[in-house]
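Structure first, commentary second.
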Amino acid sequence: MNYRFQNLLGAPYRGGNAVVTQNTNLISPVGNRVSVTDLVKSQTITLPIQSSSNIRRIAASPDGVFLLTVDDNNRCLFINLPRRVVLHRITFKHPVNAVKFSPNGKYIAVAAGKLLQIWKSPGFKREVFAFELVRTFADCNDKILSMDWDNESKYLIVGSKDLTGRLFFVDKKRGNYKKPFLFLGHRDSVVGCFFGVDKKKNRVDKAYTIARDGFIFSWGYSGNDVNRDARDDDLMDVEPPSPGTPEREGEDGERIGKKRKDSDGKESGFSEGEGYLNGGKWELLRKDCFMQAPAKVTACDYHKGLDLVVVGFSNGVFGLYQMPDFVCIHLLSISREKLTTAVFNDLGNWLTFGCAKLGQLLVWEWRSESYILKQQGHYFDVNTLAYSPDSQLLATGADDNKVKVWTVSSGFCFVTFSEHTNAVTALHFMANNHCLLSASLDGTVRAWDLLRYRNFRTFTAPSHKQFVSLAADQSGEVICAGTLDSFEIFVWSMRRNLLLEVLSGHEGPVHGLMFSPTDAILASSSWDKTVRLWNVFKEKGAVETFRHTHDVLTLTYRPDGKQLACSTLDGQIHFWDPIDGESMRSIEGRRDIAGGRLMSDRRSAANSSSGKCFTSLCYSADGSYILAGGNSRYICMYDVSDQVLLRRFQITHNLSLDGVLDFLNSKHMTEAGPLNLIDDDNSDTEEGIDKQTRGNVGYNLPGSMPNNGRPVIRTKSLKIAPTGRSFSAATTEGVLVYSIDDSFIFDPTDLDIDVTPEVLSFFFLLLIFEFH
């Protein structure tokens with residue numbers, strides 16, 4: 001009963017930037033959650049932590065212990081990764097386009113709109129307000145897009161939308177303020193800027209700035225000039241106001257947030273002091289072009305140790321270049337859509353690429369030209385689920401015409417079947433664990449071999465039909481599928497691949513179909529307000545008909561076959577005795593499944609009648625309770641015998657989805673409609689850091705979606721594992737896996753090869769002897 005969120009399948013990446021920690025751990029945002037993939041063990045987990053909306057930026061500390069996430073609402077979470085808990089929270093006042101920890105881990109640089117803010121990094125200690133704003137730079141004229149630290153955490157190079165790169169000195173010391181050095185010459189937004197390091201001195205001696213139009217400028221630095229020009233004195237100026245920086249005590253006890261005025265009336269600021277990049281000369285060494293026009297640069301990264309630059313473009317092409325000579329090592333196409341993230345691992349041998357629109361996440365080893373990881377989620381929402389009999393595998397079917405099979409323990413998809421030409425509507429695992437059936441709107445039912453990964457049977461009707469439900473008997477010999485358009489049930493023989501019979505009698509789409517677990521009775525539910533029982537091995541019509549007052553949406557058998565549950569459009573769950581044909585009891589669930597208010601709803605959530613019904617039912621392994629889900633953010637668990645609500649799972653708190661809130665904020669309502677549905681975004685979508693695009697896929701036709709393509713939260717399918725230890729829900733967020741088994745976090749200290757059970761037992765014996 002104590003089910004907890006365990007993992008998120010079906011969506012390895014949804015947008016934002018990916019981060020690699022400890023060389024092998026890949027961290028990627030998935031909606032309002034974060035997934036961590038171990039590239040060595042080939043295992044992925046999703047943290048049980050939710051942001052208020054879709055995550056747009058993440059950053060990890062150099063030691064990989066802390067994770068910083070910023071969502072679309074500018075709300076930030078400071079997370080302890082090994083323990084998977086939130087330590088601190090903060091809300092920024094401006095949209096955050098870049099965030100990065102300093103190499104020493106003491107500071108966090110945040111690009112909040114036009115402002116560059118330097119925050120002191122919190123630690124493990126819980127404090128009332130752990131974030132301390134150290135400094136704010138307001139020199140940029142447009143929003144900041146990228147940034148990079150030097151090795152000593154003293155300098156920051158920043159690229160912004162005002163076509164320039166800037167060099168900032170972070171340390172606060174007494175003296176005068178020096179304006180940041182400007183890297184000029186670009187004709188488009190600077191989407192990437194990086195420091196190059198002299199390997200002998202381990203100090204910055206060059207810099208690279210990458211513009212969105214495909215140009216990279218190489219800058220060289222010549223050391224400190226003893227005879228400084230008088231021009232340096234002209235640059236010395238009073239420090240501009242630092243907006244938002246609070247006053248705080250300095251080391252000498254005086255206030256250093258606001259500047260005191262000296263005796264001559266001038267304000268004393270903070271200068272670069274003894275910075276090693278102070279007084280030298282920067283010069284433009286060379287200009288190079290990636291030659292990918294009209295494609296734009298959407299993602300880039302630089303590896304200081306290998307002096308390599310990787311660039312991703314809006315046409316799905318990426319390039320790997322050896323600097324400073326600009327030698328192209330690889331130039332390959334890995335997608336048809338724009339790449340939204342590209343990042344090196346610590347050693348520089350693996351490249352990580354992400355494509356938000358297709359849900360792709362790739363890790364590629366560039367030396368051997370081989371894939372380390374290649375995962376892609378479903379392009380559209382998942383329609384149906386099926387567990388294998390041993391509960392080790394989970395199959396998913398979606399509107400993108402694909403069937404994917406996942407390993408539940410690792411969270412990885414290991415095979416994808418794409419032979420269907422229309423949406424997959426139903427799945428069924430055979431009892432031998434090696435065969436999977438799928439039904440689709442393309443008029444076919446296909447059987448897949450999970451050993452050879454091929455389609456070995458295809459069942460069709462004499463004329464084109466759209467199949468929406470699927471069932472197979474215990475022996476696996478009889479296959480049945482219900483139709484959407486002709487209201488019939490087709491029966492095939494698996495061994496002979498022949499159509500045996502067509503069962504007719506329903507007057508509406510047959511959306512529910514299931515064989516009894518104990519005998520050969522087939523149950524079907526339809527929108528004609530009936531549930532019918534059929535004996536497919538005898539040439540008769542319906543054995544029994546159960547009539548209801550509303551449309552029947554779905555049905556399910558109890559594992560012992562002695563009870564049948566079905567849900568109707570009025571929000572009730574009816575329980576029938578299939579042997580005696582009598583109604584046993586019913587559960588009223590309209591109040592329990594009631595969802596939130598959509599942006600386009602004219603009525604409040606309490607007064608709206610839409611969505612207050614269950615579209616998916618599933619019994620537990622022992623049949624004592626039943627899970628029910630529908631077009632809302634809740635999954636309800638009921639006790640069957642007592643007809644009471646045991647627990648209600650809220651599948652998401654993501655405010656980027658529609659239907660999460662019960663009450664809408666009236667200040668977001670305008671004369672033109674809800675503020676969130678007005679498309680006033682005039683920014684360039686090719687920058688690679690903009691909001692996720694999954695909400696608008698397939699909804700570009702005018703009038704096709706009243707809420708402007710904003711995804712609506714719902715549960716389309718529910719399945720409990722045959723072992724009863726976990727269940728999965730196909731939701732708008734992906735496939736959520738809930739489990740009773742607690743995943744124990746093993747985080748040892750001082751553990752080496754000398755620590756063995758024998759040594760520990762001997763140590764405990766000594767302790768006991770000393771105690772006595």
Side-chain angles (χ1 to χ4, degrees), residues 19 21-23 59-66 68 98-111 116-123 132-137 139 144 146-159 165-183 192-209 218-226 228 232 239 242 250-251 256 269-283 301-309 323-324 344 346-348:
V19 172
T21 62
Q22 299 175 352
N23 199 51
S61 60
D63 55 3
V65 175
F66 299 120
L68 195 75
V99 58
K100 198 164 187 178
F101 277 85
S102 62
N104 59 12
K106 293 182 178 180
Y107 300 104
I108 304 172
V110 178
L116 175 62
Q117 297 178 342
I118 310 299
W119 296 80
K120 192 174 180 180
S121 175
E132 180 185 349
L133 183 57
V134 176
R135 199 165 186 185
T136 302
F137 298 97
D139 297 272
I144 300 172
S146 59
M147 65 174 68
D148 189 29
W149 288 87
D150 73 324
N151 288 344
E152 299 183 7
S153 305
K154 292 183 178 181
Y155 287 92
L156 264 174
I157 184 171
V158 168
R166 286 178 171 84
L167 179 67
F168 291 96
F169 183 69
V170 177
D171 279 355
K172 270 197 162 186
K173 295 184 179 180
R174 296 295 302 167
N176 292 325
Y177 171 77
K178 188 172 183 179
K179 292 181 180 178
F181 180 83
L182 271 68
F183 299 94
C193 50
F194 309 100
F195 280 120
V197 178
D198 184 357
K199 295 180 181 178
K200 294 182 180 179
K201 300 180 180 179
N202 197 27
R203 282 197 165 185
V204 172
D205 66 341
K206 53 185 174 289
Y208 302 104
T209 55
S218 301
W219 306 82
Y221 178 74
S222 55
N224 293 341
D225 188 5
V226 180
R228 296 185 179 179
D232 288 339
E239 180 181 3
S242 185
E251 294 181 358
I256 60 175
F270 303 98
S271 82
E272 303 191 359
E274 299 299 327
Y276 65 92
L277 291 182
N278 181 30
K281 183 179 180 182
W282 288 94
E283 59 179 345
D301 194 22
Y302 172 74
H303 193 274
K304 291 184 174 67
L306 300 178
D307 210 4
L308 290 175
V309 169
M323 303 304 288
F344 281 99
D346 295 341
L347 295 181

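All values below were derived from every heavy atom in this structure, side-chain atoms included, with hydrogens, water molecules and symmetry-related copies excluded.
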Inset, instruction - Check the pair F168, Y155 against side chain to side chain contact (heavy atoms under 4.5 Å, CB included), reporting the backbone distance first and the verdict last. - result: CA-CA 6 Å; F168 291 96; Y155 287 92; over 6 Å; no
Inset, instruction - Apply side chain to side chain contact (heavy atoms under 4.5 Å, CB included) to the pair C193 and Y208, showing each step before the final yes or no. - result: CA-CA 6 Å; C193 50; Y208 302 104; over 6 Å; no
Legend entry - V197/N151 under side chain to side chain contact (heavy atoms under 4.5 Å, CB included): CA gap, chis, key distance, verdict: CA-CA 8 Å; V197 178; N151 288 344; 3.4 Å; yes
Inset, instruction - Take R166 and L182, measure what side chain to side chain contact (heavy atoms under 4.5 Å, CB included) needs, and give me the verdict at the end. - result: CA-CA 5 Å; R166 286 178 171 84; L182 271 68; 4.2 Å; yes
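For L347 against N23, the heavy-atom pair with the smallest separation is N-OD1, 3.0 Å. Looking at every heavy atom in both residues, M147 comes nearest to L116 through CE-CD1, 3.8 Å. F101 approaches P62 most closely through the heavy-atom pair CB-CD, 4.1 Å. Smallest separation of non-hydrogen atoms from L277 and F195: CD1-CE2, 4.5 Å.
Among D148, I108, V19, the single residue meeting the side-chain contact (heavy atoms from CB on, under 4.5 Å) criterion with K100 is D148.
Residues meeting the salt bridge (charged side-chain N to carboxylate O under 4.0 Å, His left out) test with K206, sequence neighbours left out: none. Under the rule for a ring pair (Phe, Tyr, Trp, His ring centres under 6.0 Å), the partners of F344 that lie at least two apart in sequence or sit in another chain are H303. Contacts of W149 classified as ring pair (Phe, Tyr, Trp, His ring centres under 6.0 Å), with partners at least two apart in sequence or in another chain: none. D301 meets the side-chain hydrogen bond (donor to acceptor under 3.5 Å, both in side chains) test with no other residue; sequence neighbours excluded. K199 meets the side chain to side chain contact (heavy atoms under 4.5 Å, CB included) test with no other residue; sequence neighbours excluded. Under the ring pair (Phe, Tyr, Trp, His ring centres under 6.0 Å) criterion, F183 pairs with F181, W219, W282, not counting sequence neighbours.
Remark: D150 CG to I157 CD1 distance equals 10.5 Å, nearest 0.5 Å. Going from atom CD of Q117 over to atom OG1 of T136 covers 4.5 Å, rounded to the nearest 0.5 Å. F137 CZ to I144 CD1: the interatomic distance, rounded to the nearest 0.5 Å, is 10.0 Å. How far CE of M323 is from OG of S218: 3.5 Å, rounded to the nearest 0.5 Å. In this structure, the separation between CZ on R135 and CZ on F169 is 8.0 Å, given to the nearest 0.5 Å.
Judged purely by atom type and a 3.5 angstrom limit, S102 uses its side chain to pair as donor or acceptor with the backbone of Y107. Judged by distance alone, the side chain of S121 and the main-chain N or O of K106 form no donor-acceptor pair under 3.5 Å. Using a distance-only test at 3.5 Å, with no hydrogens or angles considered, a donor-acceptor pair links the side chain of S153 to the main chain of N104. Between the side chain of D198 and the main chain of N202, no donor-acceptor pair closer than 3.5 Å is present.
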